[in-house]
Amino acid sequence: MKQIYVSKNADKKLIAYLSALNCTVHLVAPGGRTYPAVDSHPDMYFCKMGVTAHAHLFKGDPREIGAAYPENIRFNAVCLDRYFIHNLRYTSPALLRQAHELGLHPVNVRQGYTKCNCVVVDGSAVITADRGIVSALKKCPDIDVLPISQGFVNLVKFEYGFLGGASGRVGDEIIFNGNMIDHPDHEAIRQFIENRGLRMTYFPDYPLTDIGSILTDF
């Protein structure tokens, strides 16, 4: 059975939708390792290794996670088919070793919440509002990056969250936790996704909310 990991604080509509996809849905509970706003976020504990070429979930040791930034970002990296993207100064050594074993090229960025900030569309296509990540990925000629507006995503007790943390790829869908129509770049995002043969799924009944990504182990 295919495995999906999502915060236990995700909206019930999203959880029900994922459960109907013939997958086992694991609800990630707060681990007491970091601050409450992100303590149940899967991308604080796991890293999806690749999209097509490697495609498995790295499960980090929670003991490596500290209470606050940057000690809590050890596993919050983006792994594409050829690249491993993170603030490499703070990456878990175990995760770095696995990226090296997979032959991935490291790309250093200042943003430690790298996965939170990136919608991984496929193994060579990313959507992000972080200008530092955009600049770094533009130097990789085989990565297609769509820059979008910052904000427009809820995160409890913060001014805003991140679109990467409000989404995830499951099969041929990029699923967003909430109403994408409220995002000013929703049409550009839709086109970017559909141009890669995928479809965009979202839930118009509630606001777009950062839940620490929807991560799959396949």
### Task
Could you check N179, N154, N177 and say which one makes a side chain to side chain donor-acceptor pair (under 3.5 Å) with Y206?
N177

Kindly give the heavy-atom pair with the smallest separation between [X] and [Y], and that separation in Å.
X	Y	answer
C47	F75	CB-O, 3.5 Å
A10	I15	O-CD1, 3.6 Å
C23	L18	CB-O, 4.4 Å
Q98	M49	OE1-CG, 3.6 Å
R89	N108	N-OD1, 4.3 Å
V121	L198	O-CD1, 3.4 Å

Would [X] and [Y] show up in the same hydrophobic cluster when neighbours are defined by side-chain heavy atoms closer than 4.5 Å?
X	Y	answer
I214	F46	no
L146	F162	no
Y90	F58	yes
F192	L208	yes
V78	V107	yes

Find the distance between [atom1] ([X]) and [atom2] ([Y]) and round it off to the nearest 0.5 Å.
X	Y	atom1	atom2	result
I127	I174	CD1	CD1	7.0 Å
D144	R196	CG	CZ	4.5 Å
I73	E64	CD1	CD	12.5 Å
L215	Y5	CG	OH	10.0 Å
H186	Q191	NE2	CD	10.0 Å
I133	I85	CD1	CD1	8.0 Å

### Task
For the pair S149 and D185, evaluate side chain to side chain donor-acceptor pair (under 3.5 Å) and give the outcome as yes or no after the intermediate values.
CA-CA 7 Å; S149 306; D185 303 314; 2.9 Å; yes

Are [X] and [Y] side-chain neighbours, meaning at least one heavy-atom pair lies under 4.5 Å?
X	Y	answer
D11	D205	no
V120	K48	no
R97	H100	no
L96	F84	yes
P147	R131	yes
Q111	C116	no
H41	N9	no
M44	N76	yes

Check for a donor-acceptor pair, side chain of [X] on one end and backbone N or O of [Y] on the other, with a separation under 3.5 Å.
X	Y	value
R169	G171	yes
T34	A67	yes
D217	L57	yes
K2	N22	no
S92	R74	no

#### Entry: Chi angles and distances behind the side chain to side chain donor-acceptor pair (under 3.5 Å) call for Y113, D130
CA-CA 10 Å; Y113 291 117; D130 188 282; over 6 Å; no

#### Entry: Chi angles and distances behind the side-chain contact (heavy atoms from CB on, under 4.5 Å) call for R33, R63
CA-CA 8 Å; R33 308 300 306 186; R63 293 174 296 181; 4.3 Å; yes

### Task
Give the C-alpha distance, both sets of side-chain angles, the deciding distance and a yes or no for side-chain contact (heavy atoms from CB on, under 4.5 Å) between R199 and I193.
CA-CA 6 Å; R199 66 182 187 275; I193 290 169; 5.7 Å; no

### Pair F218-V170, side-chain contact (heavy atoms from CB on, under 4.5 Å): steps then yes or no
CA-CA 9 Å; F218 58 89; V170 182; 4.0 Å; yes

### Query
Under 30°, 30 to 60°, or over 60°: which ring-plane class applies to H105 and Y83, parallel, tilted or perpendicular?
perpendicular

### Query
Could you walk me through whether F176 and I189 pass the side-chain contact (heavy atoms from CB on, under 4.5 Å) check?
CA-CA 11 Å; F176 293 91; I189 292 168; 4.0 Å; yes

### Task
Determine, stepwise, if the pair D39 / Y45 fulfils side chain to side chain donor-acceptor pair (under 3.5 Å).
CA-CA 9 Å; D39 198 26; Y45 302 97; 2.7 Å; yes

### Message
When you measure from the centre of the six-membered ring of F203, is the NZ or CZ of K13 closer than 6.0 Å and no more than 45° off the axis?
### Response
no

